[in-house]
Protein chains: 2
Amino acid sequence: MAYQAAFLALADPTRRRVFEELRRGPRSVGKIAARMPVSRPAVSQHLRVLKNAGLVADRAEGTRRVYCIDPKGLAAIRIWLDQFWDEALSAFQAELEKKEAAE
Amino acid sequence: MAYQAAFLALADPTRRRVFEELRRGPRSVGKIAARMPVSRPAVSQHLRVLKNAGLVADRAEGTRRVYCIDPKGLAAIRIWLDQFWDEALSAFQAELEKKEAAE
DNA sequence: GCTTACTGTTAGCCATGGCTTACCAAGCGG
DNA sequence: CCGCTTGGTAAGCCATGGCTAACAGTAAGC
């Protein structure tokens, strides 16, 4: 059920960009916001959504908070995806043949 | 770049339910809408978004249109996901140790 | 202690988008 | 032909959510 929040979180382009920024390594909120076209509070809100979705984790470091990618959320999407992958591939081939046979 | 549309399409619960309905096999629009709490035009709009995202494909069958899952969109997400998977796993372990060391 | 740096939170504005209702187009059967 | 079925489309309504600006809180340095 967790993929619900993960998909919702990654749907927004800005929020996904925040997430992808963390791919280059753990960063503080300010560092991330400096590379983004939106304000720092906006980044903070995005990080909260990402955290609730299990996509990022945070760690206090003095007055700064360092965020990093949490595999938990990614795993949820991956599991959901695998449910479709194999059977979708084979079923799609069958459909292609039906479609071409109808032309 | 295609995962953009795929994530956006799968973020909506109703639309994802439409998509998951197709997991049980190809169906017509009416068949899908009958199992959903929303109207048929709504389902039609959802299918259009899913189609633009490369998540479903359609085939004309008389006056009916039969939709099925298209692996193309799923593949886009999978590729994006794999970019993060391995490195996120190892990087997260390192972060966990840092976090525990700080406590 | 006081200032400074860094971050989370709130209120409010505004654009996006999902839903319904109504309408229109296209095959099929009598 | 004509009515019935099936499905895509347009207009409009309304809720959701992303953004900014202003505020509050906490830790570090002097």
Side-chain angles (χ1 to χ4, degrees), chain A residues 4-22 25-68 70 73 95 98-99 101-103, chain B residues 4-22 25-53 55-68 70 95 98-99 101-103:
Chain A
Q4 158 71 23
F7 271 124
L8 213 89
L10 293 174
D12 182 69
T14 305
R15 191 155 48 221
R16 198 172 51 247
R17 182 167 163 187
V18 169
F19 184 71
E20 289 172 347
E21 204 71 36
L22 288 178
R27 314 252 167 174
S28 66
V29 180
K31 285 279 185 184
I32 301 173
R35 289 176 161 271
M36 303 276 299
V38 297
S39 70
R40 185 197 52 75
V43 173
S44 203
Q45 292 168 3
H46 284 310
L47 285 169
R48 173 169 50 174
V49 176
L50 289 171
K51 185 179 177 182
N52 287 336
L55 285 163
V56 302
D58 59 339
R59 158 172 60 94
E61 189 171 281
T63 105
R64 291 187 307 221
R65 294 198 78 83
V66 178
Y67 283 85
C68 67
D70 185 347
E95 276 305 306
K98 277 191 184 178
K99 189 174 184 177
E103 287 171 357
Chain B
Q4 158 70 23
F7 272 123
L8 213 91
L10 293 175
D12 182 69
T14 306
R15 192 155 47 219
R16 198 174 49 250
R17 181 167 164 187
V18 169
F19 184 71
E20 289 171 345
E21 203 70 35
L22 288 177
R27 313 253 167 174
S28 65
V29 180
K31 286 279 185 186
I32 300 172
R35 289 176 161 270
M36 304 276 298
V38 296
S39 69
R40 185 196 50 76
V43 174
S44 204
Q45 293 167 2
H46 283 310
L47 285 169
R48 174 169 49 175
V49 176
L50 289 171
K51 184 178 178 181
N52 287 337
L55 285 164
V56 303
D58 60 339
R59 158 172 59 94
E61 189 172 281
T63 103
R64 293 188 304 223
R65 293 197 80 85
V66 178
Y67 283 84
C68 66
D70 185 347
E95 277 305 306
K98 278 191 183 178
K99 190 174 185 178
E103 287 173 358

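Quick note: numbers below take in every heavy atom, side chains included, and nothing from hydrogens, waters or symmetry partners. Here the structure is a predicted model, which is why all the values come from computation and not from measurement. Each chain gets a letter, A, B and so on, in the order its sequence line appears, and its residues count up from 1.
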| field | Which residues share a side chain to side chain donor-acceptor pair (under 3.5 Å) with B:K31, sequence neighbours left out | value | none

| Near B:R64 CZ, under 6.0 Å, is it more than 12 heavy atoms from other residues, nucleotides or ligands? | no

| query | Any donor-acceptor pair under 3.5 Å linking the side chain of B:R59 with the backbone of B:V66? | reply | no

| To the nearest Å, how far apart are A:L50 CG and C:dG8 P? | 12 Å

| said: Using whole Å, what does the distance between atom P of nucleotide D:dA27 and atom CZ of A:R59 come to? | reply: 17 Å

| remark: In numerical order, the residues of residues 7-22 of chain B whose heavy atoms come under 4.0 Å of DNA chain C are B:D12, B:T14, B:R15

| task | List the protein contact pattern of nucleotides 6-11 of chain D with one symbol per nucleotide (5' to 3'): B for base contact, S for sugar-phosphate-only contact, - for none; contact means a heavy-atom distance under 4.0 Å. | result | SBBBB-

| task | Please say whether more than 12 non-hydrogen atoms of neighbouring residues, nucleotides or ligands are located less than 6.0 Å from CZ in B:R27. | result | yes

| message | Less than 4.0 angstrom between a side-chain N/O of B:H46 and OP1 or OP2 of C:dC19, yes or no? | response | yes

| request: Would you kindly give the CE-to-P distance between B:M36 and C:dG18, to the nearest whole Å? | output: 13 Å

| Rounded distance [0.5 Å steps], CZ in A:R40 versus CD in A:Q45 | 10.0 Å

| What distance separates A:L50 CG from A:D12 CG, expressed to the nearest 0.5 Å? | 9.5 Å

| task | Could you tell me whether the side chain of B:L47 reaches within less than 4.5 Å of the side chain of B:K51, counting heavy atoms only? | result | no

| query | Can you tell if the side chain of A:R17 reaches within under 4.5 Å of the side chain of A:P37, non-hydrogen atoms only? | reply | yes

